[in-house]
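Worksheet: the structure to be examined is printed underneath.
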Amino acid sequence: QVQLVESGGGLVQPGGSLRLSCVTSGSIFGRGAMGWYRQVPGKEREWVATITSGGFTDYVSSVKGRFTISSDNAKNTIYLRMNNLKTEDTAVYYCNMGGAAYGVWGQGTLVTVSS
């Protein structure tokens, strides 16, 4: 059973930065693309970013220019660098392997952006 473990969340002021990490129990991209999602209590989980083994990346429009997804195959890890954070970025962030419909999820890490 593949396991994903996120870390790096915390409390940050608006305009600040955080880097989230997701370590897998096996090689990344083994089940396809990797990605990050986020969720606020009572709301649907929102797709944030995707990265493929070939290096293709894509982002939801609200984070373009501020967030960067990357991967390190040797460490079986993907990252989400978040710059210029806004209060509306506050959410639990989840790592995903293989897509939202049939993939594997991590446990989530909480990001709180507040003055």
Exercise for the section: Determine, using the 4.5 Å side-chain heavy-atom cutoff (strictly less than), whether Val2 and Ile28 are members of one ILVMFWY cluster. Expected result: yes
Handout entry: Counterpart residues, salt bridge (Lys or Arg N to Asp or Glu O under 4.0 Å), relative to Arg31 (two or more places apart)
Key = none
Fill in the blank from the handout: The reported gap from CE in Met82 to CZ in Arg19 (rounded to nearest 0.5 angstrom) is 11.5 Å
Fill in the blank from the handout: residues 73-94 vs ring-ring contact (aromatic ring centres under 6.0 Å, His included), sequence neighbours excluded, gives none
Fill in the blank from the handout: Nearest heavy-atom contact between Val63 and Asp89 is CG1-OD1, 4.5 Å
Practice task
Locate the shortest heavy-atom distance separating Met97 from Ser27; write the atom from each residue and the value.
Solution key: CE-O, 4.1 Å
Handout entry: Summary of side chain to side chain donor-acceptor pair (under 3.5 Å) pairs that have at least one residue in residues 101-115, sequence neighbours excluded
Key = Glu6-Gln107
Practice task
Compare every heavy atom of Leu18 with every heavy atom of Gly8, then report the nearest pair and how far apart it is.
Solution key: O-CD2, 3.9 Å
Problem - Check: Thr90 side chain, Val113 main-chain N or O, donor-acceptor pair, under 3.5 Å - result: yes
Handout entry: Qualifying residue, where the test is side chain to side chain contact (heavy atoms under 4.5 Å, CB included) with Asn96 and the options are Tyr37, Trp47, Trp36
Key = Tyr37
Practice task
Please check if atom CD in Glu88 has more than 12 non-hydrogen atoms from other residues, nucleotides or ligands closer than 6.0 Å.
Solution key: yes
Exercise for the section: Applying side chain to side chain contact (heavy atoms under 4.5 Å, CB included), name anything that partners Ser62, two or more places apart in sequence or on another chain. Expected result: Arg38, Glu46, Val60
Handout entry: Between OG on residue Ser21 and CD1 on residue Ile78, distance to nearest 0.5 Å
Key = 9.5 Å
Donor-acceptor pairs are to be reported for all side-chain atoms of residues 67-77 against protein atoms at under 3.5 Å, with residues two or more places apart or in another chain.
unit_1, atom_1, unit_2, atom_2, d
Asp72, OD1, Ala74, N, 3.2
Asp72, OD1, Lys75, N, 3.4
Thr77, OG1, Lys75, O, 2.7

Fill in the blank from the handout: When rounded to the nearest 0.5 Å, the distance separating CG of Asp58 from CD1 of Ile51 is 11.5 Å
Fill in the blank from the handout: Heavy-atom nearest pair, Thr52 first then Ala33, reads CG2-CB, 4.2 Å
Problem - Joint cluster assignment, Leu80 & Leu110, ILVMFWY side-chain distance < 4.5 Å - result: yes
Exercise for the section: For side-chain contact (heavy atoms from CB on, under 4.5 Å), just list the numbers for Thr24 and Met34, CA-CA rounded to whole Å, side-chain angles, deciding distance to a tenth of an Å, and then say yes or no. Expected result: CA-CA 10 Å; Thr24 74; Met34 300 286 295; 3.9 Å; yes
Exercise for the section: Look at atom CD of Gln3 and say whether more than 12 heavy atoms of other residues, nucleotides or ligands are closer to it than 6.0 Å. Expected result: no
Problem - Closest non-hydrogen atom pair, Ala91 against Val40 - result: CB-CG2, 4.0 Å
Problem - For Thr87, side chain to side chain contact (heavy atoms under 4.5 Å, CB included) partners two or more places apart - result: Pro14
Practice task
Specify the closest pair of heavy atoms between Ala49 and Tyr59, including all atoms of both residues, with the distance to one decimal.
Solution key: CB-CD2, 3.6 Å
